[in-house]
Amino acid sequence: DDTTTPITQSPDIEVVKDVDSHGAGANGEITAAGQTIDYTLTVSNNGNITLTDVVVTDAMVGLSEPDSLVIMNGTTKLEEGTDYTVSAGGVITFTSMGVDDEFVITYTYEVTQADMDAGDPIDNTVLVSSEEDPSGEADETDDTTTPITQSPDIEVVKDVDSHGAG
């Protein structure tokens, strides 16, 4: 007598993005080029199966300060080339992600003069997907906005050097 017990696979990935702005403004807003923004992405496998080809896309990773990218799984630091790869456009690819794994990705972005000149808030969105969800229905996104405060200031100094005879 044969019995079939169905197994339900439930892939579930989550991403949370946090920002810590090191601006000089009253609420940490950016006020000058050279100030930095620290980003933390937490990617969690909340499903009941191992996920493969987990792709984290965050354009700011590609623009971040060299060597500021750190990825942890619990207390274990993951190594580029062994545990993950980084490609153009801020794409981080993990070969696999076990059930209950939580990858914490941190990096620092240095604000440019072009950012200041534009005056727009620095918007940043992260997208996470995996091979187990080819439809993209379970893709997760999160975003942050860091305000920029422009303070235009110009000063004119006029000196007069009189050479009169009087």
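Scope of the values below: all heavy atoms of this structure, side chains included, with no hydrogens, waters or symmetry mates.
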| said: Is there a path of hydrophobic side-chain contacts, each under 4.5 Å between heavy atoms, that joins Val43 and Leu127? | reply: no
| query | In this structure, which one of Val126, Val128, Thr57, Leu69 forms a side-chain contact (heavy atoms from CB on, under 4.5 Å) with Ile92? | reply | Leu69
| Qualifying salt bridge (charged side-chain N to carboxylate O under 4.0 Å, His left out) pairs with a residue from residues 88-112, counting only residues at least two apart or across chains | none
| Residues two or more places apart in sequence or in another chain: which of them pass side-chain contact (heavy atoms from CB on, under 4.5 Å) with Ala32? | Gln35
| request: Quick one: which residue pairs count as a ring pair (Phe, Tyr, Trp, His ring centres under 6.0 Å) with a foot in residues 16-61, not counting sequence neighbours? | output: Tyr39-Tyr107
| request: Please examine the side chains of Val54 and Asn45, heavy atoms only from C-beta on, and report whether any two atoms are closer than 4.5 Å. | output: no
| Shared hydrophobic cluster for Leu78 and Met97 (ILVMFWY, side-chain gaps under 4.5 Å) | yes
| Mind checking what makes side chain to side chain donor-acceptor pair (under 3.5 Å) contact with Thr144, not counting sequence neighbours? | none
| query | Got a second to check how far Glu132's CD is from Ile13's CD1, nearest 0.5 Å? | reply | 9.0 Å
| By side-chain contact (heavy atoms from CB on, under 4.5 Å), which residues pair with Val157, not counting sequence neighbours? | Glu155, Asp159
| said: Just to verify, what does Gln9 make a side chain to side chain donor-acceptor pair (under 3.5 Å) with, not counting sequence neighbours? | reply: none
| query | Going through the distances and angles, do Val15 and Thr141 end up as a side chain to side chain contact (heavy atoms under 4.5 Å, CB included)? | reply | CA-CA 7 Å; Val15 63; Thr141 62; 5.6 Å; no
| request: Indicate if Val86 and Val70 have the same hydrophobic cluster label, given that clusters are the connected sets of ILVMFWY residues with side-chain heavy-atom separations under 4.5 angstrom. | output: no
| field | Side chain proximity check, Thr108 to Ser64, heavy atoms < 4.5 angstrom | value | no
| field | Apart from Val91 itself, residues in the same hydrophobic cluster as defined by side-chain heavy atoms under 4.5 Å | value | Val55
| task | Could you list all the side-chain hydrogen bond (donor to acceptor under 3.5 Å, both in side chains) pairs where at least one residue sits in residues 77-94, not counting sequence neighbours? | result | none
| So how far is it from Thr146 OG1 to Glu29 CD, rounded to the nearest 0.5 Å? | 10.5 Å
| task | Kindly indicate, with the supporting measurements, whether the criterion side chain to side chain contact (heavy atoms under 4.5 Å, CB included) is fulfilled by Met116 and Ile30. | result | CA-CA 8 Å; Met116 292 304 303; Ile30 299 298; 3.7 Å; yes
| field | Trace of the side chain to side chain contact (heavy atoms under 4.5 Å, CB included) decision for Phe103 with Leu41 | value | CA-CA 8 Å; Phe103 296 162; Leu41 315 175; over 6 Å; no
| Taking side chain as C-beta onward, heavy atoms only, is Leu51 less than 4.5 Å from Pro11? | yes
| said: Looking at every heavy atom in both Val99 and Gly47, which two are closest together, and how far apart are they? | reply: CG1-O, 3.3 Å
| field | Separation of Ser130 OG from Glu140 CD (nearest 0.5 Å) | value | 11.0 Å
| message | Please enumerate all residues that pass side-chain contact (heavy atoms from CB on, under 4.5 Å) together with Asp115, with sequence neighbours excluded. | response | Tyr109, Val111, Thr112, Ile122, Ile148
| message | Has Asp142 got a side-chain atom pairing as donor or acceptor with Thr42's backbone, closer than 3.5 angstrom? | response | no
| query | Do any N or O atoms from the side chain of Asn46 and from the backbone of Asp12 form a donor-acceptor pair under 3.5 angstrom? | reply | no
| query | Which residue pairs pass the salt bridge (charged side-chain N to carboxylate O under 4.0 Å, His left out) test with at least one member in residues 40-58, sequence neighbours excluded? | reply | Lys17-Asp58
| Considering residues at least two apart in sequence or located in another chain, which fulfil the side-chain contact (heavy atoms from CB on, under 4.5 Å) criterion with Thr145? | Pro121, Asp123
| message | Taking the side chain as everything from C-beta on, heavy atoms only, tell me whether Asn124 gets closer than 4.5 Å to Val19. | response | no
| field | salt bridge (charged side-chain N to carboxylate O under 4.0 Å, His left out) contacts in which one or both residues fall within residues 87-98, not counting sequence neighbours | value | none
